[in-house]
Every structure is written in structure tokens, then in C-alpha cells.
Amino acid sequence: MSKKNGNEALSRRAFLASAATVGASAIAAPAFAQSALDTLINAPRRGNWDDQFDAKAASRTASAVVSNTPILGPQSVASAQQAVMQYQQIAAAGGWPEVNPGDQRLQLGVSHPAVQALRQRLAITGDLPREAGMSSAFDSYVDGAVKRFQARHGLPSDGVLGEFTLKAMNIPADVRLQQLNTNIIRLQTFPEDLGRRHVMVNIPAAYVEAVEDGSVATRHTAVVGRLSRPTHLVNSKIYEVILNPYWTSPRSIVEKDIMPLMRKDPTYLEKNAIRLIDGKGNEVAPETIDWNGEAPNLMFRQDPGKTNAMASTKINFYNKNGEYMHDTPQQGLFNKLMRFESSGCVRVQNVRDLSNWLLRETPGWSRQQMEQVIATGVNTPIKLATEVPVYFVYISAWGMPDGIVQFRDDIYQMDGNAELALDTTAGMEQPAQ
């Protein structure tokens, strides 16, 4: 049997097994457009804003989207196929209405005619419960539904329709269907068995999952490569954790970043504890270099410490691009709307939790011992007793066994439709006033 035919057979088997348990409920789900709209429109009209609060709506928010089920796993293809069925029916029923509030800021407490279209839009994809009814009031039902929608699209769950929330909301249903179909093909390339313990870095989602025995053990926000310096797709193994690492600048950063900085400020290297090392291991004085010429053929190595670009930790895996995962002194980057700012390597929030998980099966490296070494500031490489598989993937749309469908900005423009690249890297979505 060919690999392609094997994948197709595996996908059919996985899909049929999944459909046996979730098919009936999915067909009746509020995501299917006409049924959802009929129920919503026929629901009892609700009163004024003061009457439209339901404490249960608070539970219908972003927390409902979080799952311990990993993106990659035995259920991945079947869950994506179920999502395709859902969006096929939505597209066939005419999709969803455009939400256009004009200059009105839609958020909790506002009453505006555009909220009716918003309710329809959210009901069609199952974000708004049917009992919410039709109204012009942005009540707690709508607030919870918007937060759920935002969480499914990797946006800040503040309940406010900012620029990027509206962009994501108004992408047509048939375009989202196309995105799901594109990503099914990607999901089918992965084996069902990814390893008992493995790490997955999803580039468009900009986050990391450490998976153990089929469940997410720890999840981390990440910063990945920008469009001009993308993070590469990788199928490899993590072999080493380095505490208090030296940072050696890649040639590209020396040429594009450090050389121009040294022309502006000749003390830049000294301020950032970066030393120049020649091929024999000897240190070279920066003042001996012509910084207006070509980049010197020297190693640019930064000492461990608070200013180190990798801060406390570096995680090494085999790859030809010189990429790795690491800590960062710039923790504020993890709070940004979209985190595509690195030169290819991946910065990991709470990286010590990930390192602790990686070292758990390496004797002599408890969390306490790890923290004690970090406190010394001494460069300490640690080989893992058992190498851990790592997968850098580009999955911008996926389904979960519970029926939740997730979408992300097509940051590297690989999905074949310009509408899916929301340009969320151009700025910050405005927070609630």
C-alpha cells in the first residue's frame, strides 16, 4: 500500500470511528446555520438591557475552548474532517452575515442595531447559545459568545469587537472551509504515534505543547519567526537543555543587526556583554574591527546573565537551520496580540516549566536543582537521558473532538488566500476602554 493510500485509509478509519460517537450531536449542533438562525429568531424577545443578564453566560467564555487534547494526535484528522462537515453545511446555507458596526464600539452594555447581525454571526458557529434570542443589546450572552469566538481565533478574550476580531469574524464561510481543507492535508502527513512524550510548536498559533500519554502536560505561549525570517518546519528530537547559556549570534543577525548597531554605538558589544572570539578561541578587541566594512569572520558570543538574549535557558534539538527554543529577558513580548518577532528561534514563556518537564526523566535534575544552578549563573549543558521528539508545524485551522474549531492568522501566507492573512502583526488590537 502506498503512503498516500495508507493515509487515506487511516483517515477514513479515524473519521468513521469519530463519527460513530460525535456525528449525531454534531449534526444537531447550533453551528449549522439555518437551524441555529431559526431557533434564534423564534426565541422569545428579550427585554431591555437591565433584564438581559445571565450568570451562566460567564461560563460560556474563553475557558470553554481550552482542552488537554493536543492538536496533533490520533484524533486530529477525524476532528478536522468533522469541522469540514460543519463548515460545508454553514457555507451551503449561505454562510453568515457581515458584522459592520461603523463607528460604534461594540462591547458589554451597548445597544446598537449591528448587534443583531453579530448575534446571528455568533449563533451560526455555535458561539452564542440559542436561548439568547434576537436583540440589539450587547448583553452577557453576547459578551460570553464574543470571548469564545476570540479564544477560538487566538485573539485576546476581552469581549470587545476590535479591528482584528472584526476581520476574523467577517472572513467568509467558504474561505474558512478552504482553510480547513488545506490543513487536513497537513495533518495527514503526521504519524499517529508521535511518541509517548513529545513537544509540538504550532507556528501560526505561536504556542508550544508538551504532550505526555496523549494529553497536554504543559502549554506555553511562544514568540516565533517573523515573515522575513520565518521559523522552519522541523521533525526532530530535543537532546539538550542548557542552563545559563552563552548566546552565539547567527551570521544573519551579525550582518543585519549588530553591524549597524556598532556603527551607531561603538560600546554596544560591551554594554551587552558580547565578546568577539576568533577561530583559535582568542578574544578580539572590538576597537580593532572596521565596523563600516563587512562583518568580521568571528564568533559573537554573549556571556550568561540578565542581558543574555536567551536569559536562563536554551533548548537544543537537531536541525540544519541553527534554531532552538529559549528563555528571554523581554517577557513583555508574550503579552502581544500576535507574536511573530524572532529571527527564527522560538522564545518560550515559562520555559523553566518546559525544561523541568523535559528533564524529569534525566536523573539528578529536579526542579530545585535546576533553579539552584540557574542562580549561580554558571553555563551548564545537560544531555537528556532520553531524547524527546519535537515537531514544528504549521497548522492554522483545526478541530477538536468536542466540536470546537480553531483558526489562526495565516502569518506566513501559506494557506492560499490573502483574506486569511489578517496582518495582525502590524499593530495591537485596541483593548476595552
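Given the structure is predicted, the values throughout are model-derived calculations rather than measurements.
Considering only heavy atoms from C-beta on, Leu194 stays 4.5 Å or farther from Val211 through its side chain. The shortest distance between side-chain heavy atoms of Val388 and Trp357 falls below 4.5 Å. Under the 4.5 Å side-chain criterion, counting only non-hydrogen atoms from C-beta, Ile253 is not in contact with Phe300. With a 4.5 Å cut-off on side-chain heavy atoms, Leu227 and Phe340 do not count as touching. Using a 4.5 Å cut-off on side-chain heavy atoms (C-beta onward), Asp415 and Asn183 make contact. Looking only at side-chain heavy atoms (C-beta outward), Ile274 and Tyr268 come within less than 4.5 Å of each other. A heavy-atom distance below 4.5 Å is found between the side chains of Phe407 and Leu180. Within the 4.5 Å cutoff, the side chain of Thr307 has no heavy atoms near those of the Trp247 side chain.
Of the possible donor and acceptor atoms, one in the side chain of Gln302 sits under 3.5 Å from a partner among the backbone N and O of Asn272. With hydrogens and angles disregarded, no donor-acceptor distance shorter than 3.5 Å links the side chain of Arg347 to the backbone of Thr328. Side-chain atoms of Asp409 do not come within 3.5 Å of backbone N or O of Pro204 as any donor-acceptor pair. A donor-acceptor contact shorter than 3.5 Å is absent between the side chain of His153 and the backbone of Leu155. Remark: side-chain polar atoms of Arg121 are not paired, donor with acceptor, to backbone N or O of Trp96 under 3.5 angstrom. A donor-acceptor contact shorter than 3.5 Å is absent between the side chain of Arg152 and the backbone of Ile404. Listed for the Ser136 side chain is no donor-acceptor partner under 3.5 Å among the backbone atoms of Val115. With hydrogens and angles ignored, the 3.5 Å screen pairs no side-chain donor or acceptor of Gln88 with any backbone N or O of Leu177. The main-chain N or O of Phe317 is never found under 3.5 Å from a side-chain atom of Glu387 such that the two would form a donor-acceptor pair. Here the side chain of Asn308 pairs a donor or acceptor atom with the backbone of Pro245 at under 3.5 angstrom.
Note that CZ of Arg301 is 5.0 Å distant from OH of Tyr246, once rounded to the nearest 0.5 Å. Note that the CG atom of Leu358 and the CG atom of Leu384 stand 6.0 Å from one another [nearest 0.5 Å]. One distance of note links CD1 of Ile184 with CD1 of Ile395; it measures 10.5 Å at 0.5 Å rounding. In this structure, the separation between CG on Asn68 and OG1 on Thr218 is 10.5 Å, given to the nearest 0.5 Å. For the atom pair CG (Leu187) and CD (Gln75), the distance works out to 9.5 Å, reported to the nearest 0.5 Å. In this structure, Glu371 CD and Arg352 CZ are separated by 4.5 Å, a value rounded to the nearest 0.5 Å.
Taking the six-membered ring for Trp and thresholds of 30 and 60 degrees, His198 and Tyr391 have ring planes more than 60 degrees apart, a perpendicular arrangement. Between Trp398 and Tyr207, the ring planes lie perpendicular to each other; the angle is over 60°, past the 30° to 60° tilted range.
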task = Report the C-alpha distance between Trp365 and Val241 in whole Å, list the side-chain angles of each, state the deciding distance to 0.1 Å, and finish with yes or no for side chain to side chain contact (heavy atoms under 4.5 Å, CB included).
result = CA-CA 11 Å; Trp365 287 104; Val241 172; over 6 Å; no

message = Ile71 vs Gln406, test: side chain to side chain contact (heavy atoms under 4.5 Å, CB included). Steps then yes/no.
response = CA-CA 10 Å; Ile71 292 177; Gln406 299 253 7; over 6 Å; no

request  = Evaluate salt bridge (Lys or Arg N to Asp or Glu O under 4.0 Å) for Arg119 paired with Asp139, printing each intermediate quantity in order.
outcome  = CA-CA 10 Å; Arg119 285 176 179 262; Asp139 58 15; 2.9 Å; yes

Step-by-step side chain to side chain contact (heavy atoms under 4.5 Å, CB included) determination, Met169 to Leu122 = CA-CA 9 Å; Met169 198 167 281; Leu122 294 168; 3.9 Å; yes

query = Run the side chain to side chain contact (heavy atoms under 4.5 Å, CB included) check on Tyr394 and Ile411 step by step: do they pass?
reply = CA-CA 10 Å; Tyr394 196 92; Ile411 177 62; 3.9 Å; yes

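Listed here is the closest heavy atom pair of Pro101 and Ala114: CA-CB, 3.8 Å. For Gly159 against Asp143, the heavy-atom pair with the smallest separation is CA-OD1, 3.7 Å. Arg229 approaches Ser343 most closely through the heavy-atom pair NH1-OG, 2.9 Å. Smallest separation of non-hydrogen atoms from Pro70 and Gly214: CD-O, 3.3 Å. The shortest heavy-atom contact between Gly344 and Thr231 is O-OG1, 2.8 Å. Minimum heavy-atom separation, Ile90 to Ala173: CG2-CB, 3.9 Å.
In this structure, Arg226 does not pair ionically with Glu341, as no charged nitrogen and carboxylate oxygen lie closer than 4.0 Å. Between Lys147 and Asp127, none of the side-chain N atoms (NZ, or NE/NH1/NH2) sits under 4.0 Å from a carboxylate O, so this pair counts as no salt bridge.
Judged by distance alone, the side chains of Arg186 and Thr182 never bring a donor and an acceptor atom under 3.5 Å apart. With hydrogens and angles left out, the side-chain atoms of Asn202 and Glu209 include no donor and acceptor closer than 3.5 Å.
For residues 310-335, no residue pair satisfies the salt bridge (Lys or Arg N to Asp or Glu O under 4.0 Å) rule, not counting sequence neighbours.
Remark: Lys264 NZ is loosely packed, at most 12 non-hydrogen atoms of other residues, nucleotides or ligands lying under 6.0 Å away. Other residues, nucleotides and ligands contribute over 12 non-hydrogen atoms within 6.0 Å of the CG atom of Asp213.
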